[in-house]
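Accompanying notes for the structure given below.
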Protein chains: 2
Amino acid sequence: MDDLRLKRQVCFALYAASRAVTGLYRPALERLGLTYPQYLVMLVLWEHGESSVKDLGAALMLDSGTLSPLLKRLETVGYLARRRDPADERSVLIGLTPRGEALRGEAATVPTTVARASGMAAKELSALRDTLVALTEAVTATAAHQTDGVRR
Amino acid sequence: MDDLRLKRQVCFALYAASRAVTGLYRPALERLGLTYPQYLVMLVLWEHGESSVKDLGAALMLDSGTLSPLLKRLETVGYLARRRDPADERSVLIGLTPRGEALRGEAATVPTTVARASGMAAKELSALRDTLVALTEAVTATAAHQTDGVRR
DNA sequence: TCACATTTGATTGTGCACAACTGAATCGTG
DNA sequence: CACGATTCAGTTGTGCACAATCAAATGTGA
């Protein structure tokens with residue numbers, strides 16, 4: 001018989017922690033006019049420059065159903081520009097406008113501000129991050145394997 | 001200057017892991033006719049029995065804006081019943097129907113099935129859970145402290 | 001080359017999250 | 001008791017997530 005007590009569930013701990021930490025970002029990001037997923041998109045673009053919707057989706061594990069309207073909103077407020085890839089007309093390239101690029105400076109202090117508010121040491125946080133990345137990789141590998149198994 | 005690289009962000013690791021693990025639950029929960037947040041509500045009710053919306057919200061860190069429509073859906077499919085608290089007419093008590101209670105047996109194998117699919121050892125998972133709980137507590141304490149500070 | 005499969009991004013529909021607000025019930029203080 | 005403040009659940013509006021589907025562009029093999 002399995003243990004169904006809420007406090008024993010790793011899944012709930014993850015779900016609760018993710019929402020709590022996102023909430024910690026909210027006030028800082030509100031000042032930048034960004035939601036949390038929008039901020040993640042900006043992180044990718046600041047780091048890698050112009051990217052296809054596909055590449056953004058791969059980096060953030062999001063599909064076009066989530067990204068398309070999100071990118072449209074960021075385009076409307078003037079942080080992004082989109083253009084077709086001349087080499088492959090199926091692909092759409094998302095780039096930063098000057099305003100979007102300029103936002104990077106304002107965002108620079110966000111991570112350490114939040115990290116400090118988290119009440120955990122930097123070493124502890126990076127250990128946690130590594131564990132979470134390993135978990136995510138294990139889980140996505142399992143999920144991919146399962147769907148493969150079903151299909152074959 | 002802060003590090004804005006995506007892979008360095010604990011927040012993204014949390015966000016990605018939470019969604020990946022939720023996705024691992026999805027096929028199992030689909031067989032029970034539950035979404036992941038609906039499953040969490042059922043966990044609380046199986047463990048504590050009839051509870052007010054307020055108590056469900058406290059346990060899951062969700063407000064009535066999320067819970068009200070979710071509970072209405074679970075009531076519609078016949079897992080829950082709601083009644084006013086005779087001792088306090090503001091409060092609504094959510095209880096399990098026989099069908100909702102019976103679902104517990106079918107859900108019993110879900111956690112270990114998912115844990116196995118996660119590819120992590122039980123000891124590692126419980127250590128991760130404890131770290132996440134500590135992080136959530138630290139973050140919510142900070143958030144509460146901040147809003148207190150603003151109000152005063 | 002041509003028929004067919006695959007890739008890419010967009011759209012539609014459902015169900016959370018969360019802020020802001022509403023109305024009813026209850027509480028607290030004078 | 002009275003009455004303003006608070007609590008509680010619900011509603012509205014916005015923005016994700018994600019499944020399912022679509023159309024256009026591209027790839028592939030006979």
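Because the structure is predicted, anything quoted here is derived from the model rather than measured. Here is how names work: the chains are called A, B, and so on, in the same order as the sequence lines, proteins then strands, and each is numbered from 1. Computed from heavy atoms alone, side chains included, the values below leave out hydrogens, waters and symmetry copies.
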Stepwise side chain to side chain contact (heavy atoms under 4.5 Å, CB included) check, A:Leu103 with A:Leu96: CA-CA 10 Å; A:Leu103 206 63; A:Leu96 291 163; over 6 Å; no
Shortest non-hydrogen separation from A:Ile94 to A:Leu80 and the atoms involved: CG2-CD1, 3.7 Å
Heavy-atom contacts under 4.0 Å between residues 62-82 of chain A and DNA chain C, which residues? A:Ser64, A:Gly65, A:Ser68, A:Lys72, A:Arg82
Give a yes or no on whether the backbone of B:Cys11 and the side-chain of A:Tyr36 come within a donor-acceptor separation of less than 3.5 Å. yes
What's the CD-C1' distance between B:Glu89 and C:dA24, to the nearest Å? 10 Å
Please list, chain by chain and in numerical order, all residues satisfying side chain to side chain contact (heavy atoms under 4.5 Å, CB included) with B:Glu50, sequence neighbours excluded. B:Arg83, B:Leu93
First contact, last contact: which nucleotides of DNA chain D are these for chain A, 5' to 3', heavy-atom distance under 4.0 Å? D:dG15 to D:dT26
Sequence neighbours excluded, the answer for side chain to side chain contact (heavy atoms under 4.5 Å, CB included) partners of B:Thr113 is B:Thr109
5' precedence on DNA chain D between A:Tyr36 and A:Pro86 (nearest-nucleotide basis): A:Tyr36
Enumerate donor-acceptor pairs with a distance under 3.5 Å from any side-chain N or O in residues 117-126 of chain B to protein atoms, sequence neighbours excluded.
unit_1: B:Ser118; atom_1: OG; unit_2: B:Ala115; atom_2: O; d: 2.6
unit_1: B:Ser118; atom_1: OG; unit_2: B:Met120; atom_2: N; d: 3.3
unit_1: B:Ser126; atom_1: OG; unit_2: B:Ala122; atom_2: O; d: 3.4
unit_1: B:Ser126; atom_1: OG; unit_2: B:Lys123; atom_2: O; d: 3.0

Take A:Leu67 and A:Asp63, measure what side chain to side chain contact (heavy atoms under 4.5 Å, CB included) needs, and give me the verdict at the end. CA-CA 6 Å; A:Leu67 284 174; A:Asp63 63 10; over 6 Å; no
If you find the nucleotide of DNA chain C closest to A:Ser91 and the one closest to A:Arg26, which residue's nucleotide is nearer the 5' end? A:Ser91
Within residues 38-52 of chain A, those residues having any heavy atom closer than 4.0 Å to DNA chain C are A:Ser52
Main-chain N/O of B:Val92 paired with B:Arg82 side-chain donor or acceptor, under 3.5 Å: no
Partner set under side chain to side chain contact (heavy atoms under 4.5 Å, CB included) for A:Ala138, not counting sequence neighbours: none
Heavy atom of residues 6-21 of chain A under 4.0 Å from DNA chain C: which residues? A:Tyr15, A:Arg19
For A:Asp130, the side chain to side chain donor-acceptor pair (under 3.5 Å) test, sequence neighbours excluded, returns none
Contacts satisfying side-chain hydrogen bond (donor to acceptor under 3.5 Å, both in side chains) that involve residues 5-26 of chain B (not counting sequence neighbours) are B:Asp3-B:Arg5, B:Asp3-B:Arg8
Salt bridge (Lys or Arg N to Asp or Glu O under 4.0 Å) involving B:Arg73 - partner list, sequence neighbours excluded: none
Those residues that, when tested against A:Asp88, pass side chain to side chain donor-acceptor pair (under 3.5 Å) (two or more places apart): A:Arg90
